[in-house]
Each structure stands twice: as C-alpha cells, then as structure tokens.
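Report on one structure; see the data block that follows.
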Protein chains: 2
Amino acid sequence: MGIADDAVEIRARGWRTLASLHGLIDAALEKDLTTEVGLSVVEYTLLDALNRQDGWHMRMAQLARATALSPSATTRLVTRLEDRNLLSRVLCADDRRGIYTELTPLGHELYQKAKPIHDATLERILKQAEEQPELAPLARILHEFSLA
Amino acid sequence: MGIADDAVEIRARGWRTLASLHGLIDAALEKDLTTEVGLSVVEYTLLDALNRQDGWHMRMAQLARATALSPSATTRLVTRLEDRNLLSRVLCADDRRGIYTELTPLGHELYQKAKPIHDATLERILKQAEEQPELAPLARILHEFSLA
DNA sequence: ATACTATCGTTGCACGCGCAACTAACCAGC
DNA sequence: GCTGGTTAGTTGCGCGTGCAACGATAGTAT
C-alpha cells in the first residue's frame, strides 16, 4: 500500500520534472530560433528530421510523427515552409495519395544556419537546469547519457 | 573535436527523446482527462498545484510558473475554472495588486476524481514507453528514480 | 467491373496560446 | 503629498493547434 503510493508519487514527480524541463528548453529554443533565423521549434524539428534522412523523402505521416503533431497541423506546417521555399511537395507515383517532401537548397542552407544556434541554446539551458535542484537530476541525465 | 561533436549529438538525441516522451504522455493525459472528467492537462496541473499547497493560497504568478504558462494564459485559465466553480479568486489585503486563488469544495472533489485517472494513465503510458526502444531509457528513469 | 472498406492528406471551425499595450497598486526619493 | 519607476494582473489581437468531416486514391471481395 505505502509502497504502491510511493511509486505513484514518484511517477507524478518525475512527470512534473519532465514537463518543467521540457517547457524550459522549448521556450528558450523558441525564443532564440525565432529571433535569429525566424523558425519556430516545430519548424526546426521538421527541417532537422528531413535533414537526418539526407537526400531521402519523407511522407506527411512520418513528419507528423517526428513533430508530434496532428495530420492537419502537419499539412499547414508544410504549407508554411513550402511558401518560404524551404521545402517542396513531391507527388509520388506509386501511391498517388501520398506526398513526399524534400528540402530545397534554401531550406538546407537555413537549417545549417539554425543548427548551431539550436545546439548552443540547448547546451546553455541544460547547464542552467543542472543548477536548479528540481531539474538537475534529469538535466544531468540528458547531458551525459546516450539514452539509446 | 570529435568528442565535442559527440556531446552535441548526444544532447540533441536526448532532447528529441525528451520531447517525444513528453508528447506521448501529454497527449494520453489530455485525452483521458478530458473524456473522463472534462479537464485539460493544464487545468489538471493547476488543480494539482493548488491541492499540493493544501489549504494555502497561490498567486497568479506562482500558478503561471507551475503550469509553464504566460501571465495572460494563466488569467484565462483561472477564469475558465472559476466559471466552473472549481476555484475562486480572493483579493488579498496586504497587496491589493495580488490575487490569491483557492480550490472550492467542488474543485477539490473533481481533483480527487481526476487524480486516479491521471495516475493510471501515467503508469500505463510509461509502461508502454518502456517497450519502445527509443523511449525506454528515459521512461525507465522516470519510473524508477526519485529524481530529487 | 462493382461495390465496400481503409488510408492519406486537406479544409472548416472553435479554442487556447503568447506578445504587446494597458490599468491599478506598490515603493522609492525628495 | 507628488513624481517616476516597478510589479501584478488583465485585455486586444493574430496565429497555430486538434477535431471532425471531407474528397481522393488504394486494396479486396464477389
């Protein structure tokens, strides 16, 4: 009984810590990326996902999964980036329902410019989180462990 | 050089894992809490924060911090909950700019009803995440470690 | 071929969010 | 007392999001 309650409490604490650290990092990335290169966090996440598939296409559903977004939000996100000429939609012949997306040269270029900013902010915030008692344990784990 | 690059990559991976797990948990909580008790995650988070201060008031700014929300969003969140008679605004005498909030009996009752749902979903999703290779390491840590 | 069902992506809609501008209240200094 | 600066909370506004409904294509059974 007491043990089970403890487990519940530990999970709840852990979740609060996770949410808090996530909010902290997300807000910092959002601020820095928008001011420096005009990208929101999800926009960067999408470019990053496309870039890690170097040279290869991704379908809308994959992008939705990578960004943790709904299909509709993904549609509009891709539309926004397409309007800025950062990526292009490519109809694929074998399944005419599906839509591939790929980075344009401009999109690749902007990503290269954004990545160091992203990485620097991430390092800065994690370092800062390690000095905050509630966040330190989790932050330290992200900093040091491979997690996969 | 290679070492520094590795550190950057490890951090980026860690952040993606964190964001992914956060999204997974958040979506599941959102779904279960709204369908079962009509509360969003932030709404539950706020009630939870108030409840952990048992019997004591919280100011708007504290609530904003607890929910990782902007001041304006906090105002409207509190207004929503107040309109449902789950909490009440209390002007405090010593600083007439400040506003205290406290749970109503109805709010306390709803929280008691929501908490087991929240905890069950959290446990379920964490268990499920532990079977997903990318998320497992982080999920296991939340499950087992005290983190404070 | 013809239906029937499933999947992929897109749109209408309402809603919650952050930012900037605002009001009200506190707190100096003089 | 009054003035200037700061802090607490609230509103106007534009925007991104999820949900539900939709059209279009694919797959399958008969």
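Worth saying up front: this structure is predicted, and the values here are computed from it rather than measured. Numbers restart at 1 for each chain; the letters A, B, ... are given by sequence-line order, proteins then strands.
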Any base atoms under 4.0 Å from Arg59(B), or only sugar-phosphate, or nothing? Heavy atoms, all strands. sugar-phosphate
Across the strands shown, which category fits Leu69(B) at heavy-atom distances under 4.0 angstrom: base, sugar-phosphate, nothing? sugar-phosphate
For Asp26(B) and Trp15(A) the tightest heavy-atom approach is N-CH2, 4.0 Å
To the nearest Å, how far apart are [X] [atom1] and [N] [atom2]?
| X | N | atom1 | atom2 | answer |
| --- | --- | --- | --- | --- |
| His57(A) | dG9(C) | NE2 | P | 14 Å |
| Leu91(A) | dT10(C) | CG | C1' | 13 Å |
| Gln62(A) | dC8(C) | CD | P | 11 Å |
| Glu30(A) | dC17(C) | CD | P | 15 Å |
| Leu77(A) | dT11(C) | CG | P | 15 Å |
| Arg76(A) | dC13(C) | CZ | P | 12 Å |
| Leu63(A) | dT10(C) | CG | P | 10 Å |
| Ile99(B) | dT23(C) | CD1 | P | 17 Å |

Closest-nucleotide mapping onto DNA chain D: is Thr75(B) or Arg96(A) further toward the 5' terminus? I mean the 5' end. Thr75(B)
Taking atom types as they are modelled, is there a donor-acceptor pair under 3.5 Å from the base of dC19(C) to the side chain of Ser72(B)? yes
Starting from the 5' end of DNA chain C, give me the residue, Ala61(A) or Arg97(B), whose nearest nucleotide shows up first. Ala61(A)
For Thr79(B) and Arg89(B), which I'm curious about, is there any donor-acceptor pair between the side chains at under 3.5 Å? yes
For His108(A) and Gln112(A), which I'm curious about, is there any donor-acceptor pair between the side chains at under 3.5 Å? yes
Bounded by its outermost nucleotides with an atom under 4.0 Å from a heavy atom of chain A, the footprint on DNA chain D reads dG16(D) to dA26(D)
Using the rule that two of Ile, Leu, Val, Met, Phe, Trp, Tyr join whenever any of their side-chain heavy atoms come within less than 4.5 Å, decide whether Leu91(A) and Trp56(A) are in one cluster. no
Give the cluster check for Met60(A) versus Val90(A): same hydrophobic cluster or not, with ILVMFWY residues linked at side-chain heavy-atom distances below 4.5 Å. no
Charged N to carboxylate O under 4.0 angstrom, Glu123(A) versus Lys127(A)? yes
Atom CZ of residue position Arg65(B) - does it have more than 12 heavy atoms of other residues, nucleotides or ligands inside 6.0 Å? no
